[in-house]
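Working notes, structure below.
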Protein chains: 2
Amino acid sequence: MALGKNYDGQDCSLARTLELVGERWTMLVIRDALYGVRRYGDFLAHLDIPRAVLSQRLATLVEAGVLERRRYQDNPPRDEYVPTAMGRELWLPVLALGQWGERHLSRRGTRRVFSHVECGGRIDATASCAACGAAHLPPEQVEVRPGPGLEDDRSDPVSVALREPHRLLDPLP
Amino acid sequence: MALGKNYDGQDCSLARTLELVGERWTMLVIRDALYGVRRYGDFLAHLDIPRAVLSQRLATLVEAGVLERRRYQDNPPRDEYVPTAMGRELWLPVLALGQWGERHLSRRGTRRVFSHVECGGRIDATASCAACGAAHLPPEQVEVRPGPGLEDDRSDPVSVALREPHRLLDPLP
DNA sequence: TACCACGGTTCAGTGAATGAACTAAGGTGA
DNA sequence: TCACCTTAGTTCATTCACTGAACCGTGGTA
């Protein structure tokens, strides 16, 4: 979203949520973080987002407790951004929005397939496994792989890595 | 969201979805439509949204097939905006986002309680009934009522009407 | 005839997004 | 030692969407 991020007078959890994650690019940053993207440069390469906007979004999400900024090496000092428990719970709305788009906005086939790591069953828009019936699966138990409708010719390393099947939240190689 | 609505190069259903429903105000318009708001003036009164933005959002949503514009009286000619099947399926992501906000951004208690009309059980973020176990309930089977955390002192007729328990999609009185 | 309700459109001003250029800290190779 | 590279930003002029107030048009109503 953007431009005046406050929906004053809306005593509604949805409005509060959108003030935080409804700005332009924010939800895509969160999706990438759930996919295992952690470094500034990787978000940048994969999203084609203006650097200034990325910096601002990451700072906002860290301050809100959705992402944690964590030092992963000292020489030179480098930080990575990792979803907190609060951030991991955004998995459900992110999935629901994406699945809605798959159903209604995709003329080609499925772009990404989500499956339950334990049984291999497909996962639906409520994060439940069609095969074993497990409901509301957390991202740690979900694997993504490209579907037949994915038409992704991007050659940056992040896009290439995301074309390999991998478990959600697992950091990119 | 807003400002340059296209996330070019993102071959992702989430990005496609956000191009449509991720602009600023759009998701709140959809929420209101699911709550039973149908008329231009009612959206306007309840959301405090600039008229020009509301007009543009309604037009976009109608063109995309999320809302249907429907004549409800001829003298004078008046139209209303009603969610299509496609729009009703946005219930799940809208609920998931709202419930995330209830859990993580609400210091007071629950603002709105969703329950299963058939059994009265509470509904969770995946639209499943905690009491009878029915999963992925459609909005027609869900009732909203104010929760203890709702601190809504708005006095416009729409806010007043929405403070009464009512079934989703049922038009306001 | 005057006025009102509803559903918009128009427009000047504001402020966020964009994208290119620049900065800074630190490592690497010759 | 010097030049150069990588990563992670910041700065800044430009563009463009949002804002809010004013205006418009249609069709009742008093």
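Any value given below was found using the heavy atoms of this structure, including those in side chains, with hydrogens, waters and symmetry copies removed. Proteins come first, then strands; the chains are lettered A, B, ... in the order of their sequence lines, and each starts at number 1.
- Between W91(B) and F114(B), the ring center distance clears the sub-6.0 Å criterion.
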### Residue pair R71(B), E80(B): steps toward the salt bridge (Lys or Arg N to Asp or Glu O under 4.0 Å) verdict
CA-CA 6 Å; R71(B) 176 78 27 119; E80(B) 61 185 1; over 6 Å; no
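- Within the 3.5 Å criterion, the main-chain N or O of D124(B) finds no donor-acceptor partner in the side chain of Q99(B).
- Following chains of ILVMFWY side-chain contacts shorter than 4.5 Å, one cannot reach L137(B) starting from L92(A), and the two form parts of different hydrophobic clusters.
- Checking V53(A) against P76(A), the closest nucleotide of DNA chain C that is more toward the 5' end is the one next to V53(A).
- Looking at residues two or more places apart in sequence or on another chain, you find a side chain to side chain contact (heavy atoms under 4.5 Å, CB included) between R167(B) and V117(B), D170(B).
- Rounding to whole angstrom units, CD of residue E23(A) and P of dA17(D) are separated by 17 Å.
- The nearest whole Å value for the distance from the CG atom in L28(A) to the C1' atom in dA17(C) is 15 Å.
- If you take CD1 of I49(A) and C1' of dA20(C), they are 16 Å apart, rounded to a whole angstrom.
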### Task
Going 5' to 3' through nucleotides 8-13 of chain D, assign each nucleotide B (protein heavy atom under 4.0 Å from a base atom), S (under 4.0 Å only from sugar-phosphate atoms) or - (no protein heavy atom that close).
BBBB--
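- Atom CG in D74(A) sits roughly 14 Å away from atom C1' in dA25(C) (whole-Å rounding).
- As a whole-Å value, the separation of E80(A) CD from dT6(D) P is 21 Å.
- Side-chain N/O atoms of W25(A) include none lying less than 4.0 angstrom from OP1 or OP2 on dA16(C).
- In this structure, R24(A) places its CZ atom 11 Å from C1' of dA16(C), rounding to the nearest Å.
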### Task
Apply the test salt bridge (Lys or Arg N to Asp or Glu O under 4.0 Å) to residues D32(A) and R39(A): give CA-CA distance (whole Å), side-chain angles for both, the deciding distance (0.1 Å), then the verdict.
CA-CA 10 Å; D32(A) 271 18; R39(A) 304 217 299 252; over 6 Å; no
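- Taking atom CG of L54(B) as the reference point, atom C1' of dT9(C) lies 13 Å away to the nearest angstrom.
- Across the protein-nucleic acid pair, Q73(A) atom CD and dA25(C) atom C1' stand 12 Å apart, rounded to whole Å.
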